[in-house]
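In listed order, ligands and their atoms are each counted from 1. Residues: numbered from 1 along the sequence shown. Values below: every heavy atom of this structure, side chains too, minus hydrogens, waters and symmetry copies.
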Amino acid sequence: MTAYTDILVDTPKPGVRLITLNRPKVLNALRSTLLEELAAAIALARDDTDVRAVVLTGNERAFAAGADIAEMADRTAVEVVGMDRRMAGWHTLRSFPKPLVAAVNGFALGGGCELAMCADIIVAGEGARFGQPEINLGLIPGAGGTQRLTRAVGKSRAMKMVLTGEAIDARAALAAGLIAEIVPPELALDRALELAEMIAAKPPVAVRLAKEAVLKAQEMTLEAGLDYERKVFALLFATEDRREGVQAFLEKRKPVFKGR
Ligand code: DAK
């Protein structure tokens, strides 16, 4: 397995890859090395047919407190415009085709909140805090915060977070639809792994297309989205796993999915 300095990579359950951000002393600040390692690990998970779902987590104090402010301090605008590798890393995360579940405890701020929002499902421990405090640094969110957060929680709540820099707690994040569940902090990772394991046991082609279809809902008109869904639905009738799923139901047995 590849050697990393800023992340830990593990396969705790069949089909489930776990990636842990591992810069605890600086609350998992997202320096370039970390983002590059994370993108590399995600790309490996994408290309490994044995990986059916990924869980991304931090530690009990922080999921990630944002970009590494010390690393950013002396950057010029020209350097930021030319950060193609960093942008490519974010793109790898955003376009990951398999289910990504985030287990968030503590701070998910700035780039950390944007990273959590790359996940398909966010499970938060009580005490988690989500925020976009870039305004306090004379910046705005730079990895999708103004766009993803607005789609997730609506204009008014997104405006409040982006313009004031104030974080919201897990309860408010749940009410706003930013996260899927709140659990006691010590159970956040277990619950995320449990969800990932459930998904990993489902037919992978249907899972992939289901993820794609739900994401389309954020980009397409309703009519175009419904049309897209109908075509994908019909396409799945061509898979062996669909036949197996239906057959297993009729025969009152557990299905054995093969990803075909
Ligand atoms: N960067 C670097 N170090 C950080 C950090 C960060 N974002 N956040 C915390 N740390 C470090 C602290 O400096 C401290 O280090 P030592 O002093 O012990 O050496 C250690 O972590 C513990 O932090 P605190 O002592 O501050 O702990 P507290 O509990 O008192 O406060 C806090 C926790 C999370 C409220 C506070 O640390 C804080 O406000 N942190 C900064 C949060 C923040 O402003 N985040 C947004 C950063 S800007 C881009 C895309 C995206 C971005 C940039 C570019 N491109 C595509 C180009 C994203 C930008 C951002 O995220």
S.K.: As a test of the contact definition, would atom 19 (O) of ligand 1 count as having a protein heavy-atom neighbour under 4.0 Å?
M.R.: no

S.K.: Using a strict cut-off of 4.0 Å, indicate which atoms of ligand 1 neighbour a heavy atom of Ala143.
M.R.: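 Per the distance check, 50 (C), 51 (C).
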
S.K.: Thinking salt bridges, do Glu197 and Lys13 make one under a 4.0 Å N-O criterion?
M.R.: yes

S.K.: Report yes if some N/O of Leu137 lies less than 3.5 Å from some N/O of ligand 1; otherwise report no.
M.R.: no

S.K.: If the threshold is 4.0 Å, N to carboxylate O, is there a salt bridge linking Arg86 and Glu71?
M.R.: yes

S.K.: So which heavy atom in the protein is nearest atom 56 (C) of ligand 1, and how far is it from that ligand atom?
M.R.: Met87 SD, 3.0 Å

S.K.: Determine, counting only non-hydrogen atoms of the protein, whether one lies under 4.0 angstrom from atom 44 (O) of ligand 1.
M.R.: yes

S.K.: What protein heavy atom sits nearest atom 23 (O) of ligand 1, and how far off is it?
M.R.: Leu27 CD1, 3.7 Å

S.K.: Any idea which atoms of ligand 1 are less than 4.0 Å away from a heavy-atom of Lys25?
M.R.: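 It comes down to these atoms of ligand 1: 20 (C), 21 (O).
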
S.K.: When you measure from atom 38 (C) of ligand 1 to every protein heavy atom, which one gives the shortest distance, and what is it?
M.R.: Leu109 CD1, 4.9 Å

S.K.: Any non-hydrogen protein atom below 4.0 Å of atom 60 (C) of ligand 1?
M.R.: yes

S.K.: Protein heavy atoms: any of them under 4.0 Å from atom 31 (O) of ligand 1?
M.R.: no

S.K.: To which of Glu71, Arg61, Met83 does the heavy atom nearest atom 57 (C) of ligand 1 belong?
M.R.: Met83

S.K.: Determine, counting only non-hydrogen atoms of the protein, whether one lies under 4.0 angstrom from atom 26 (O) of ligand 1.
M.R.: no

S.K.: Give a yes or no answer on whether the side chain of Glu37 reaches the backbone of Tyr4 with a donor-acceptor pair at less than 3.5 Å.
M.R.: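 Not a single qualifying donor-acceptor pair exists.
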
S.K.: Return yes if some donor-acceptor pair links the side-chain N/O of Asp169 with the main-chain N/O of Arg129 below 3.5 Å, else return no.
M.R.: no

S.K.: For atom 41 (C) of ligand 1, find the nearest protein heavy atom and state the residue, atom name and distance (0.1 Å precision).
M.R.: Ile69 CD1, 3.7 Å

S.K.: Keeping Lys216 on the side-chain end and Tyr228 on the backbone end, is there a donor-acceptor pair under 3.5 Å?
M.R.: no

S.K.: Is there a donor-acceptor pair under 3.5 Å between the side chain of Asn105 and the backbone N or O of Pro185?
M.R.: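 Side chain of Asn105 to backbone of Pro185, a donor-acceptor pair under 3.5 Å: yes, one is there.
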
S.K.: Which heavy atom in Ala167 sits nearest to a heavy atom in Leu109, and how many Å separate them?
M.R.: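 Scanning both residues, the minimum pair turns out to be CB-CD2, 4.2 Å.
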
S.K.: Yes or no, since that's all I need: does a protein heavy atom fall within a distance strictly under 4.0 Å of atom 13 (O) of ligand 1?
M.R.: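 Neighbour list for atom 13 (O) of ligand 1 is empty of protein heavy atoms (cut-off 4.0 Å).
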
S.K.: Suppose I only count heavy atoms of Gly111 and a 4.0 Å limit; which atoms of ligand 1 are within that range?
M.R.: 58 (C), 60 (C), 61 (O)

S.K.: Check each atom of ligand 1 against the heavy atoms of Pro133 and keep those under 4.0 Å away; list them by number with element.
M.R.: 43 (C), 44 (O), 45 (N), 46 (C)

S.K.: Decide yes or no for Ser156 and Lys160: does some side-chain heavy atom of the first lie under 4.5 Å from some side-chain heavy atom of the second?
M.R.: no

S.K.: Rounded at 0.5 Å granularity, tell me how far CD in Glu36 sits from OG1 in Thr92.
M.R.: 11.0 Å

S.K.: Quick one: nearest non-hydrogen protein atom to atom 11 (C) of ligand 1, plus distance?
M.R.: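 Among all protein heavy atoms, the one nearest atom 11 (C) of ligand 1 is Val26 CA, 3.8 Å.
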
S.K.: Please list the nearest protein heavy atom to atom 54 (C) of ligand 1 with its residue and the distance rounded to 0.1 Å.
M.R.: Arg86 NE, 4.3 Å

S.K.: With heavy-atom distances below 4.0 Å as the criterion, list the atoms of ligand 1 near Ala29.
M.R.: 1 (N), 2 (C), 6 (C)

S.K.: What are the atoms of ligand 1, with element, lying closer than 4.0 Å to any heavy atom of Ala65?
M.R.: 7 (N), 8 (N), 42 (C), 43 (C), 45 (N), 46 (C)

S.K.: Indicate yes or no: at least one non-hydrogen side-chain atom of Glu244 is less than 4.5 angstrom from one of Lys258.
M.R.: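 The answer is no; the side chains never approach within 4.5 Å.
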
S.K.: Report yes or no: does Arg17 contribute a side-chain atom to a donor-acceptor pair with the main-chain N or O of Val54 at less than 3.5 Å?
M.R.: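 No, because the side chain of Arg17 does not come within donor-acceptor range (under 3.5 Å) of the backbone of Val54.
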
S.K.: Would you say Ala67 has any N or O atom under 3.5 Å from an N or O of ligand 1, going by distance alone?
M.R.: yes

S.K.: For the pair Glu114 (side chain) and Gly145 (backbone), establish whether a donor and an acceptor sit closer than 3.5 Å, ignoring hydrogens and angles.
M.R.: yes

S.K.: Would you say that Ile199 contacts Ile121 through its side chain, given a criterion of any heavy-atom pair below 4.5 Å between the two side chains?
M.R.: yes

S.K.: Does ligand 1 have any atom that is closer than 4.0 Å to a heavy atom of Gln132?
M.R.: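 Flag not set, Gln132 not near ligand 1.
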
S.K.: Going by heavy atoms, is Arg31 under 4.0 Å from ligand 1?
M.R.: no

S.K.: Does Lys98 reach the main-chain N or O of Arg46 with its side chain, forming a donor-acceptor pair under 3.5 Å?
M.R.: yes

